[in-house]
Undergrad: 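The structure that follows is given in the form of structure tokens.
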Amino acid sequence: MRTLLKHAMIVTMNREGQVYTDGNLLFEDDRILLAGGEAVDESTCDEVLDLTGKLVMPGLVNTHVHTSQQLARGLADDVDLLTWLHDRIWPYESHMTEEDSYISTLFCAAEQIKAGVTAIAEPGGQYVSGMARAVEEAGIRAKLANSVMDCGEGLPKAWQRSTREELDRQEEDIRRFHKTAEGRVEVWLGVRTIFNATDELLLGTKELADRYGIGIHMHVAEAKSEVDYVKERLGVQTVTHLRDLGFLGPNLLAAHTVWLTHEEVEMFRDYEVKVSHNPASAMRVLGFAKVPRMLREGICVAIGTDGAPTNNRMDMVDEMWVTSLIHKGWRLDPTVVKAQEILRMATMNGAKALQEEHLYGSLEPGKKADLIIINPDSVGMQPMHDPIANLVTSMHSANVESTICNGRWLMRDRKILTFDEASLIQEAKIRAAGIRSRAGIRMPERFPVKTC
């Protein structure tokens, strides 16, 4: 199948940052053949679409999204971190079944597809088997990992496993699911936090990752309480301890990284650690990451949404907008973290963080046909004096008209094609209520609200 998208603004996100105001994009099966201003013989194409007035850009890459938490949206708003974790999220996740994991991941994939995301990284969820089945059906790409913990206070009984058990079950998932679904599903290794990981688990994880040539996804220097805990116990902060262990490396995707010293930022640079910046989630309780400094140091900084109970809006378009605001605001410098940098964080940097920049992240001949079509004709996005800025500061996910991954239309004209969205919504509501009931989570009474 050879498809031509003609007369579109092609935002390539290639190394030169080329944009073609009246360009063509040609792809055959799962590969891009042309992305630029050259003419194409339409008689050689199976389908030709005139996209005059529309934009085509690479699919967005969500580098930190908890697929197992999708059914817990709104479950833990307006509570402190320990209540969020011990009283809401751990009970919820620990009472999930494999089928719950499948529905939760498929529901998450639906929101990702509608926001123009074609690849995700799951930092650690429940039942890789359920997650893999959902990703295969949805049609996106995913790095999937187990939620891995071998120590820590308050762990539900179902999660109390030894270091060896945690490593073994991950290796079994690698054997069963790695490079399945036409290569779109890969299994990575997860470590939840340093609160819940012995040095033996960290070293075993590093050895497995290096042996299989895969990535490690871990929450790193996420909260002030984390770095205080490590400093009290070991005399150094989280990243310094990971460096001393030999854990840092190019295959580490570190999420949040809010509480780094300047020296630890340099460690990330020296060891080529990748960073997933989750701005909306971090603003809730974590703080502000040193993203401008990281970018200046040449660190690969990508963007993620985190999970539904920490963000509620699992929308990478919103996340780009938030990224464009917070670093300017708290530094009182409107020149930092510019729109073109944010677009790169959400596309090419995301692909690099997932170790697949050779496959996607930019629109170039030979790369995978992972792309989105944007219709800017809405009152919220027009006029477009600066289209690149508008993609970051004015676009809404509703402007994403179509999503294509691996050459396959996942959404066309805002309709998801790979599964029944309406039926999924109803199933998700039933599953969410069932998990909450089994977990015994009681929500606070919010009404009536006192008036001033």
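Because the structure is a prediction, the values reported are computed rather than measured.
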Undergrad: Test your reading of the model: is there a side-chain donor-acceptor pair from N311 to the backbone of T305, 3.5 Å cut-off?
TA: yes
Undergrad: Would you call E136 and R133 a salt bridge, using N to O less than 4.0 angstrom?
TA: no
Undergrad: Okay, side chain of S423, backbone of D420: is any donor-acceptor separation there less than 3.5 Å?
TA: no
Undergrad: Suppose we screen for side-chain contact (heavy atoms from CB on, under 4.5 Å). Which residues come up paired with R436, at least two apart in sequence or across chains?
TA: L75, Y92, I441, M443
Undergrad: Applying the side chain to side chain contact (heavy atoms under 4.5 Å, CB included) criterion to L391, which one of I374, I342, N399 satisfies it?
TA: I374
Undergrad: How about W188 and N251: do any of their side-chain heavy atoms sit closer than 4.5 Å?
TA: no
Undergrad: Taking only residues two or more places apart in sequence or in another chain, which ones pass salt bridge (charged side-chain N to carboxylate O under 4.0 Å, His left out) with E341?
TA: none
Undergrad: Taking all heavy atoms of V273 and all of L252, pick out the closest pair and write down the distance.
TA: CG1-O, 3.6 Å
Undergrad: Suppose the criterion is salt bridge (charged side-chain N to carboxylate O under 4.0 Å, His left out): which pairs have a residue in residues 223-239, not counting sequence neighbours?
TA: K224-D228
Undergrad: Which residues pass the side chain to side chain donor-acceptor pair (under 3.5 Å) test with D270, sequence neighbours left out?
TA: none
Undergrad: Between atom CD1 of I404 and atom CG of D370, what is the distance when rounded to the nearest 0.5 Å?
TA: 9.5 Å
Undergrad: Any donor-acceptor pair under 3.5 Å linking the side chain of K274 with the backbone of E272?
TA: yes
Undergrad: So, does T240 use its side chain to make a donor-acceptor pair with the main chain of V236 at under 3.5 Å?
TA: no
Undergrad: Is it true that a side-chain atom of W84 and a backbone atom of D77 form a donor plus acceptor pair closer than 3.5 Å?
TA: no
Undergrad: Using a 4.5 Å cut-off on heavy atoms from C-beta on, say whether the side chain of V79 contacts that of R88.
TA: yes
Undergrad: Mind checking salt bridge (charged side-chain N to carboxylate O under 4.0 Å, His left out) for R211 and listing every partner two or more places apart, or none if nothing turns up?
TA: E171, E207
Undergrad: Quick one, M345 and V291 - any side-chain contact, counting heavy atoms below 4.5 Å?
TA: yes
Undergrad: With a 4.0 Å cut-off on N to O distance, would you call R169 and E166 a salt bridge?
TA: yes
Undergrad: Just by distance, do the side chain of E122 and the backbone of G124 share a donor-acceptor pair under 3.5 Å?
TA: yes
Undergrad: For S437, give me all partners under side chain to side chain donor-acceptor pair (under 3.5 Å), at least two apart in sequence or on another chain.
TA: none
Undergrad: Tell me, do E137 and T418 make a side-chain contact under 4.5 Å, heavy atoms counted?
TA: no
Undergrad: Closer than 3.5 angstrom, by distance alone: can the side chain of E93 be matched with the main-chain N or O of Q126 as a donor-acceptor pair?
TA: no
Undergrad: With sequence neighbours excluded, what pairs up with D168 under the side chain to side chain donor-acceptor pair (under 3.5 Å) test?
TA: R164
Undergrad: Could you list the donor-acceptor pairs under 3.5 angstrom formed between side-chain atoms of residues 149-158 and any protein atom two or more places apart in sequence or on another chain?
TA:
residue : atom : partner : partner atom : Å
D150    : OD1  : T198    : N            : 2.9
D150    : OD2  : T163    : OG1          : 2.5
D150    : OD2  : T198    : OG1          : 2.6

Undergrad: Applying side chain to side chain donor-acceptor pair (under 3.5 Å), name anything that partners S281, two or more places apart in sequence or on another chain.
TA: D306
Undergrad: Any heavy-atom pair between the side chains of P376 and L55 that's under 4.5 Å?
TA: yes
Undergrad: Short question: side chain of T63, backbone of A302 - any donor-acceptor pair under 3.5 Å?
TA: no
Undergrad: With a 4.5 Å cut-off on side-chain heavy atoms, are L25 and F27 touching?
TA: yes
Undergrad: So, does K368 use its side chain to make a donor-acceptor pair with the main chain of C405 at under 3.5 Å?
TA: no
Undergrad: If you define the side chain from C-beta out and look only at heavy atoms, does anything of M96 sit under 4.5 Å from S104?
TA: yes
Undergrad: So, E98 and Y102: side-chain donor and acceptor under 3.5 Å apart, yes or no?
TA: no
Undergrad: Closer than 4.0 angstrom, basic N to acidic O: yes or no for R269 and E297?
TA: yes
Undergrad: Between R412 and W409, is NZ or CZ placed under 6.0 angstrom from the six-membered ring centre and within 45° of the ring axis?
TA: yes
Undergrad: Kindly write out the residues that satisfy salt bridge (charged side-chain N to carboxylate O under 4.0 Å, His left out) with E186, not counting sequence neighbours, or none if the list is empty.
TA: K143, K179
Undergrad: Anything under 30° is parallel, anything over 60° is perpendicular, the rest tilted; go ahead and classify H66 against H219.
TA: parallel
Undergrad: Do H256 and H277 have their ring centres less than 6.0 Å from each other?
TA: no
Undergrad: Do E364 and S362 pair up side chain to side chain, a donor and an acceptor below 3.5 Å, judged on atom types alone?
TA: yes
Undergrad: Between E421 and K114, does any NZ, NE, NH1 or NH2 come within less than 4.0 Å of an OD or OE carboxylate oxygen?
TA: yes
Undergrad: Whether the side chain of S324 engages the backbone of W321 through a donor-acceptor N/O pair (distance < 3.5 Å, no angle test) should be reported.
TA: yes
Undergrad: With the threshold set at 4.0 Å, does a side-chain nitrogen-carboxylate oxygen contact exist between E266 and R243?
TA: no
Undergrad: Any side-chain heavy atom of M218 sitting closer than 4.5 Å to one from P123?
TA: no
Undergrad: Do Q112 and N62 meet the criterion of a side-chain donor-acceptor pair at a distance under 3.5 Å?
TA: yes
Undergrad: Just to verify, what does F177 make a ring pair (Phe, Tyr, Trp, His ring centres under 6.0 Å) with, not counting sequence neighbours?
TA: none
Undergrad: Can you confirm whether K206 is buried at NZ, in the sense that more than 12 heavy atoms of other residues, nucleotides or ligands lie under 6.0 Å from that atom?
TA: yes
Undergrad: Which distance, rounded to the nearest 0.5 Å, do you find between the CD1 of I120 and the CE of M131?
TA: 9.0 Å
Undergrad: D100: which residues meet the salt bridge (charged side-chain N to carboxylate O under 4.0 Å, His left out) condition with it, sequence neighbours left out?
TA: R431, R438
